[in-house]
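Note that ligands are numbered from 1 as they come in the structure, with each ligand's atoms numbered from 1 the same way. Only this structure's heavy atoms are used, side chains among them; waters, hydrogens and symmetry mates stay out.
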Amino acid sequence: MNNPQLDKNGRLKHLLSIEGLPKDILTQILDTAESFAGVSEREVKKVPLLRGRTVCNLFFENSTRTRTTFEIAAKRLSADVVSLHIGTSSQSKGETMLDTVNNLVAMHADIFVVRHAQSGAAHFIARHVAPHVHVINAGDGRHSHPTQGLLDVFTIRRYKPDMHNLRVAIVGDILHSRVARSEIHALTTLGVPEVRVIAPKTLLPEYVERLGVHVYHDMRQGLKDVDVVMMLRLQNERMNGALLPSAQEYFKCYGLTPDKLALARPDAIVMHPGPMNRGIEIDSAVADGTQSVILPQVTYGIAVRMAVMSMLAGSGE
Ligand code: ASP
């Protein structure tokens, strides 16, 4: 079957999910991002790779980091960038998502960056746009957030270059997290030998072991000797009814505190995709501590998004 994310020469055409992408494409994105990481450190932070192209940010759901870093990344590639505030657009007048997209294609938009609360929204758009248009999924429901997964593995590779010798723990609301799904696919495809998920039963998807992860319900056991701890936010906006006794109880069992972190390897790094809820899933002493790489994750997000957009622009039909 055709891979909807690749063109007929096997190059990246759309980025919709990490699942289904071959290891060599993931590695190519990370290696390309490595070369762009240097651009952000220069005095003139621009390269002309997307000159004359238009990138359209289409965010149907809130975002701070993802929208801003996509915008900065597109500008550093010299693209023209349009960010649509959907609340003030024709969607509020009843226009369908596809009509909005087609109108923007009529204005010669080349790349769409799409966030939507509905899983599958970016796939749907990719299936219906003209062949020269590229779509990037910037988060769809609880399904996928591929550029977050990629920037997370990029960050891990920067701090822990030997990916074949790592233990990674992902902690928290795995059930509703598109980030966790993307991270798990990225880590296992890149050959990380041990990926653990740590969560109460109510916050784990059924059959999660089938994704190739080890399941822990006890955080102290799960953190033992890990090299990387990835914390997740409770996705209250995606929960139907109460799945937890209380925020205090959750913090007691699954909040990352200095004493729990001490069970991981002494050089373990702490990650979080943001937005962080201090005192719910993470203690400030850890979030702002020496092992935290939460802000470098944000910085690397720009290089990774530059890499993805430049690769898409170089693909065919
Ligand atoms: N920013 C990430 C996302 O959009 C994580 C989160 O919201 O908790 O999925």
Review point. What atoms of ligand 1 come within less than 4.0 Å of a heavy atom belonging to P275?
Key: 1 (N), 6 (C), 7 (O)
Exercise for review: Give a yes or no on this: more than 12 heavy atoms of other residues, nucleotides or ligands lie within 6.0 Å of atom CG of D31.
Suggested key: yes
Check your understanding: Any ion pair linking K224 and D218 (charged N to carboxylate O, less than 4.0 Å)?
Key -> no
Point to revise | Which of the ligand 1 atoms, numbered from 1, are nearer than 4.0 Å to a heavy atom of H145 | key: 3 (C), 4 (O), 9 (O)
**Study point:** Residue part near ligand 1, for R65, under 4.0 Å between non-hydrogen atoms
**Key:** neither
Point to revise | Atoms of ligand 1, numbered as shown, that sit under 4.0 Å from any heavy atom of R233 | key: 6 (C), 7 (O), 8 (O)
Point to revise | Identity and separation of the nearest protein heavy atom to atom 9 (O) of ligand 1 | key: R178 NE, 2.8 Å
Check your understanding: Given side chains that start at C-beta, do those of R278 and D288 come closer than 4.5 Å, heavy atoms only?
Key -> yes
Revision key, fill the gap. Atoms of ligand 1 under 4.0 Å from any heavy atom of V179, numbered from 1 in the order shown, are 2 (C), 5 (C), 9 (O)
Practice item. Write out the residue and atom name of the closest protein heavy atom to atom 5 (C) of ligand 1, then the distance separating them to 0.1 Å. Key: G274 O, 3.2 Å
Can I get a per-line list of side-chain donor-acceptor pairs under 3.5 Å for residues 16-30, giving both atom names and the distance, sequence neighbours left out?
residue	atom	partner	partner atom	Å
S17	OG	E19	O	3.0
T27	OG1	K23	O	2.9

Exercise for review: May I ask whether G139 has any heavy atom positioned less than 4.0 angstrom from an atom of ligand 1?
Suggested key: no
Point to revise | Residue E95 excluded, over 12 heavy atoms near CD under 6.0 Å | key: yes
Check your understanding: Relative to the heavy atoms of Q235, which atoms of ligand 1 are at a distance of less than 4.0 Å?
Key -> 6 (C), 7 (O), 8 (O)
Check your understanding: Contact between R115 and ligand 1, counting heavy atoms under 4.0 Å?
Key -> yes
Review point. Can D267 and K160 be counted as an ion pair, charged N to O under 4.0 angstrom?
Key: yes
Point to revise | Heavy-atom side-chain proximity of I156 to M271 below 4.5 angstrom | key: yes
